Amino acid sequence: MAFGFEYSLNLLGYFLPSSTLSAVNARSAHISLMLYGFVPLMLSFLPFVLMEKENIHSEKGLEKLRVYFTLWCVFLVFMTISLLMGVHRGLAFYDFAYELNFILAFSGLFYILALYDYIKVYKLIPLWIKVSLYLVIASPIALLVLMNPVIGQVEKTVVGPHGDNTLGMSYTLIPIFYLLIKLHAKESFVAKYHAMWIIPLVGYIASVAHRIFIGELSYNQEWFFQYLTLCFVPLLLKWLKDANVTFQNSPSLIIAVYAFLFVDIEGNILFIPSIRWLFHRNDLVVAHAHIAMGVGIFFMSMAVVSPYLKKLNERSFSLFYTLGFTLMLIALSMAGLMEAGFIQTDIHLLWTIRMLCGLFIILVTMGFFYPELGWRLEKLNVLKLYHLAGFASDALGGYLFICLCRDTLPAFRLWF
């Protein structure tokens, strides 16, 4: 959110005197942290939260999970620093150096070991646990293959509609939604409509094989794979109904599901060639992506921790957060319509509204999170305040020193 706020200020013409915090670097860090930051990391804890709900616990598994968490954070540090130093691949997404994916893959090994320690506690292993284990074992390999610059998919989807890439990204959310619905289910939940996730899976495997062994996909082929995502609409609605999950008993999960469904349907409309020609590279698509990441994925992560952070179940949090994002989305959508030539308005006014809404969302999120996490000032004793002040002066001071130097590398040499 902070880097997104920085980039929105850059759009309005306000820049810090720093080559490190340039507009390009801020945008790359913003998108990469959305895709790989703490929200996806929180989502990865979902199987363990569900097993804890079933009274399955393993201290050994928890220790391995801590190692996984630490390695992921190490990856985030290296990724962010490299992006701020200008090490880019020139991609819209996954812009950091490919080699950093090996840190993620290595952390995945500890995740697998942690999951295996938890599984050993079961007398009879449920099917969803077995499926989760198979998916997790395949994930590090799939990560290194799909992100590879030579044989992977990322470099090949920089230009073009990349409908098959959308299908793949959407499909990864379906197992997470299944586990979330299982976690929040108020009735005995048995998943149905299996054909609605099998068909998109077969389609995505076929699209990847086509790109690797045959060559690029035509627009009509990508359009076909894109439209397979519509299978997820009846699937998720059926799962919610069978589990008796409603806004009253699970507001975060309901918001996440309906945000995903909205993006799914809207994305397929925007994929129509005559419409895509107008909107694919303007602010309307930015608004579309904000719904997917800022609302859908964020509330998915909230659904993971809401059983523990009770304040997040308050409707006021959902109301204020969604209100801020709704105003942002309206401003961005109007900007997209203006860029496409349908309306006439002040683009800088709309970007200003977006920036102010981003600041509002940051303040709302901090206001709800920090009291729950025990950051009240009255709980801080003198020793804690001392360490907090030391961290602020040394770590943050050094960081600002680096960021505000016009020529970073000579400053490093002078420093050392």
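Not measured: the values here are computed from a predicted model. Residues take their numbers from the sequence shown, with the count starting at 1.
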- [ ] Report the C-alpha distance between Phe45 and Phe69 in whole Å, list the side-chain angles of each, state the deciding distance to 0.1 Å, and finish with yes or no for side chain to side chain contact (heavy atoms under 4.5 Å, CB included).
- [x] CA-CA 10 Å; Phe45 294 133; Phe69 179 87; 3.5 Å; yes
Task: Asp264 side chain near Leu230 side chain, heavy-atom distance below 4.5 Å - done: yes
Open item on the list: Check Glu63 with Lys60, please: is the shortest side-chain N to carboxylate O separation under 4.0 Å?
Closed with: no
Open item on the list: Ring-plane angle category for Phe232 and Phe260, please: parallel below 30°, perpendicular beyond 60°, tilted otherwise.
Closed with: tilted
TODO: Would you check if Leu33 and Phe38 make a side-chain contact, meaning some heavy-atom pair closer than 4.5 Å?
DONE: no
TODO: Quickly, which of Phe177, Tyr321, Tyr258, Phe247 forms a ring pair (Phe, Tyr, Trp, His ring centres under 6.0 Å) with Phe299? Name it, please.
DONE: Tyr321
TODO: Examine distances only and state if a side-chain atom of Tyr14 and a backbone atom of Glu6 form a donor-acceptor pair shorter than 3.5 Å.
DONE: no
Open item on the list: Among Trp72, Tyr116, Tyr118, Phe48, which residue satisfies the ring pair (Phe, Tyr, Trp, His ring centres under 6.0 Å) criterion with Tyr111?
Closed with: Phe48
- [ ] Using a cut-off of 6.0 Å, state whether more than 12 heavy atoms not belonging to Lys192 lie near its atom NZ.
- [x] no
Open item on the list: Check the orientation of His194 and Trp197. Use parallel for under 30°, tilted for 30 to 60°, and perpendicular for over 60°.
Closed with: perpendicular
Open item on the list: The test is side chain to side chain contact (heavy atoms under 4.5 Å, CB included); show your working for Phe342 and Leu278 and say whether it passes.
Closed with: CA-CA 10 Å; Phe342 288 107; Leu278 291 170; 3.7 Å; yes
- [ ] For residues Phe106 and Phe102, determine if any side-chain heavy atom of one lies less than 4.5 Å from a side-chain heavy atom of the other.
- [x] no
- [ ] On the 0 to 90° scale, with breaks at 30° and 60°, tag the Tyr178-Phe189 ring pair as parallel, tilted or perpendicular.
- [x] tilted
Task: From Thr229 atom OG1 to Asn268 atom CG, the distance as rounded to the nearest 0.5 Å - done: 4.0 Å
